[in-house]
Amino acid sequence: MAQYIILKGIAGLGNRLSALSAAIKYAQTTNRKLIVEWNDHWYSSHSSKNVFFEFFQLINIDSSLQHTYDIPNYIQKTVAPAMWFNHLTDPSDQVMQFPLVWKLNDQYLGQKCVVELDRSYTEDIVIFTSYGGLDTKILRHHLKLKPAVQKIVCEFAEKYFSETVIGVHVRFTDKQPKQPLKTVFQKIDDLLSVEPTAKIFLATDNPDIIIEFKLRYVNHMLVRNKWFPSDHTPIHRYQSGRIPEEILLDAVVEMFLLSHCKYLIAQGNSSFSRISTCYFKSDSNNIMLW
């Protein structure tokens with residue numbers, strides 16, 4: 001009888017894709033069918049809408065099931081952890097915000113919120129979500145952009161990346177880099193001394209960072225026009241006045257644009273940066289962490 005692992009969406013894009021690589025590995029190891037379900041309010045405008053397959057496609061793995069309700073007789077299946085029973089189709093942000101279970105290490109009726117991937121389970125369905133676990137080889141082998149999204153990335157790159165481009169990622173809202181900004185500036189300056197006509201493509205969650213970069217590198221900057229919250233809330237956590245799918249599109253496009261640059265200065269403590277390095281198309285020696 002078939003068994004399943006359902007990967008629920010939680011946190012930002014980098015964490016979700018890292019968790020996906022771990023879920024794929026577990027599905028292969030335990031011979032479970034994988035369902036990726038991103039229907040939480042951070043990226044989906046309605047809990048009935050799984051946005052994952054609007055942006056990504058799974059390859060070299062069975063992806064015929066795209067929703068929990070695609071599982072035959074899913075209501076009658078056994079589930080681990082038990083707290084998800086009767087909530088299988090619900091978004092993670094609804095289920096995991098029950099009292100006492102907001103954090104992954106909290107307990108609910110003596111059980112963790114999600115399964116542990118170093119254990120085997122006899123239940124028909126297991127629920128997983130995580131903030132990490134990136135396996136770059138698995139992700140590259142099993143995940144790529146949908147053609148429509150890939151087209152957006154390629155069209156921007158073809159239009160603006162005709163010269164040498166230095167990609168830079170700076171996350172500067174809820175999560176701060178471990179190194180001061182002068183560290184990334186020094187790396188850029190070193191590259192510009194060798195590539196004086198290079199452009200700088202900046203991906204950031206903080207509009208103040210864009211201003212600072214433009215003042216310093218006025219003739220080099222490339223930045224996509226995108227929306228920012230007025231109060232410097234992390235973009236993916238903003239819950240008012242913005243369509244979640246548009247926020248996700250901006251994140252996906254910038255993540256993969258970074259991978260198209262000749263050089264990539266990636267933020268070492270950011271999962272977003274790590275995914276960009278995973279798909280980096282130039283020489284891996286051109287990746288620099290800060």
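As the structure is a prediction and not an experimental result, all values here were calculated from the model.
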Q) If we only count heavy atoms from C-beta on, is the Leu143 to Tyr279 side-chain gap below 4.5 Å? A) yes

Q | Distance-minimising heavy-atom pair for Leu145 and Gln150 | A | CD1-OE1, 3.4 Å

Q. What residue among Asp124, Asp62, Asp70 forms salt bridge (Lys or Arg N to Asp or Glu O under 4.0 Å) with Lys33?
A. Asp62

Q. In Å, rounded to the nearest 0.5 Å, how long is the span from NZ of Lys49 to OG of Ser47?
A. 12.0 Å

(Q) Can you confirm whether Leu181 sits close enough to Val170 that some side-chain heavy atom of one is under 4.5 Å from a side-chain heavy atom of the other? (A) yes

Q: Look only at the side chain of Asn269 and the backbone of Gln176, and say whether a donor-acceptor pair between them is shorter than 3.5 Å.
A: yes

(Q) Applying ring pair (Phe, Tyr, Trp, His ring centres under 6.0 Å), can you list everything that pairs with His67, at least two apart in sequence or on another chain? (A) Tyr69

Q: Could you tell me whether the side chain of His220 and the main chain of Lys199 form a donor-acceptor pair under 3.5 Å?
A: no

Q.
Could you check whether any side-chain N or O of Glu245 sits under 3.5 Å from a backbone N or O of Val51, counting only pairs where one atom can act as donor and the other as acceptor?
A. no

(Q) Please report the interatomic distance CG(Leu58) to CG(Leu20), rounded to the nearest 0.5 Å. (A) 6.0 Å

Q: Only counting residues at least two apart or in another chain, list the ones meeting salt bridge (Lys or Arg N to Asp or Glu O under 4.0 Å) with Lys262.
A: Glu195

Q: Evaluate the side-chain proximity of Pro244 to Ser44: yes if any heavy-atom separation is below 4.5 Å, no if none is.
A: no

Q.
Let me confirm one number: the CD1-CD1 distance from Ile188 to Ile265, rounded to the nearest 0.5 Å.
A. 4.5 Å

Q) Would you say the side chain of Glu116 lies within less than 4.5 Å of the side chain of Tyr121, judging by non-hydrogen atoms? A) yes

**Q.** Proximity of Phe161 and His260 rings by center, below 6.0 Å
**A.** no

Q | Pro177: partners by side-chain contact (heavy atoms from CB on, under 4.5 Å), with sequence neighbours left out | A | Phe172, Gln267, Trp290

Q) Rounded to the nearest 0.5 Å, what separation is found between the OG atom of Ser276 and the CG atom of Leu258? A) 4.0 Å

Q. Do Lys151 and Glu155 come within less than 4.5 Å of each other through their side chains, counting heavy atoms only?
A. yes

Q) Do Phe56 and Val36 come within less than 4.5 Å of each other through their side chains, counting heavy atoms only? A) no

Q | Donor-acceptor contact present, side-chain Tyr217 to main-chain Phe185, <3.5 Å | A | yes

Q) Phe128 and Tyr26: aromatic ring centres closer than 6.0 Å? A) no

Q: Taking side-chain hydrogen bond (donor to acceptor under 3.5 Å, both in side chains) as the test, write out the residues that go with Thr197, two or more places apart.
A: none

Q: Report whether Ile152 and Ile247 are members of the same hydrophobic cluster (ILVMFWY, side-chain heavy atoms less than 4.5 Å apart, transitive linking).
A: yes

Q | Donor-acceptor contact below 3.5 Å, side chain His169 vs main chain Ala266 | A | no

Q. Any idea how Trp38 and Tyr43 line up, ring-wise: parallel (<30°), tilted (30 to 60°), or perpendicular (>60°)?
A. tilted

**Q.** Sequence-distant partners of Asn285, side-chain contact (heavy atoms from CB on, under 4.5 Å), two or more places apart
**A.** Asp283

Q: Taking side-chain hydrogen bond (donor to acceptor under 3.5 Å, both in side chains) as the test, write out the residues that go with Lys25, two or more places apart.
A: none

Q) With side chains defined as the heavy atoms from C-beta onward, is the minimum distance between Tyr263 and Thr164 less than 4.5 Å? A) yes

Q. Does Glu163 have any salt bridge (Lys or Arg N to Asp or Glu O under 4.0 Å) partners at least two apart in sequence or in another chain, and if so, which?
A. none

Which pairs would a plain distance check flag for residues 134-141, meaning a side-chain donor or acceptor within less than 3.5 Å of a matching protein atom at least two apart in sequence or in another chain?
residue	atom	partner	partner atom	Å
Asp135	OD1	Lys137	N	3.3
Asp135	OD1	Ile138	N	3.1
Arg140	NH1	Cys278	O	3.3

Q: Could I get the full list of ring pair (Phe, Tyr, Trp, His ring centres under 6.0 Å) partners for Phe53, not counting sequence neighbours?
A: none

**Q.** Tyr160: partners by ring pair (Phe, Tyr, Trp, His ring centres under 6.0 Å), with sequence neighbours left out
**A.** Phe156

Q) To the nearest 0.5 Å, how far apart are CZ in Phe213 and CZ in Phe201? A) 12.0 Å

Q.
Quick one: does any side-chain atom of Asn39 pair with a main-chain N or O of Asn50 as donor and acceptor, under 3.5 Å?
A. no

Output side-chain donor-acceptor pairs under 3.5 Å for residues 1-18, partner residues at least two apart or in another chain, one line each.
residue	atom	partner	partner atom	Å
Gln3	NE2	Thr122	O	3.2
Gln3	NE2	Glu123	O	3.2
Lys8	NZ	Glu37	OE1	2.8
Lys8	NZ	Leu88	O	2.6
Lys8	NZ	Asp90	O	2.9
Asn15	OD1	Ser271	OG	3.3
Arg16	NE	Ala11	O	2.7
Arg16	NH1	Asp40	OD1	3.0
Arg16	NH2	Ala11	O	3.1
Arg16	NH2	Asp40	OD1	3.4
Arg16	NH2	Asp40	OD2	2.6
Ser18	OG	Gly14	O	2.9

Q: Would you mind listing every side chain to side chain donor-acceptor pair (under 3.5 Å) that reaches into residues 177-186, with sequence neighbours excluded?
A: Gln186-Asp190

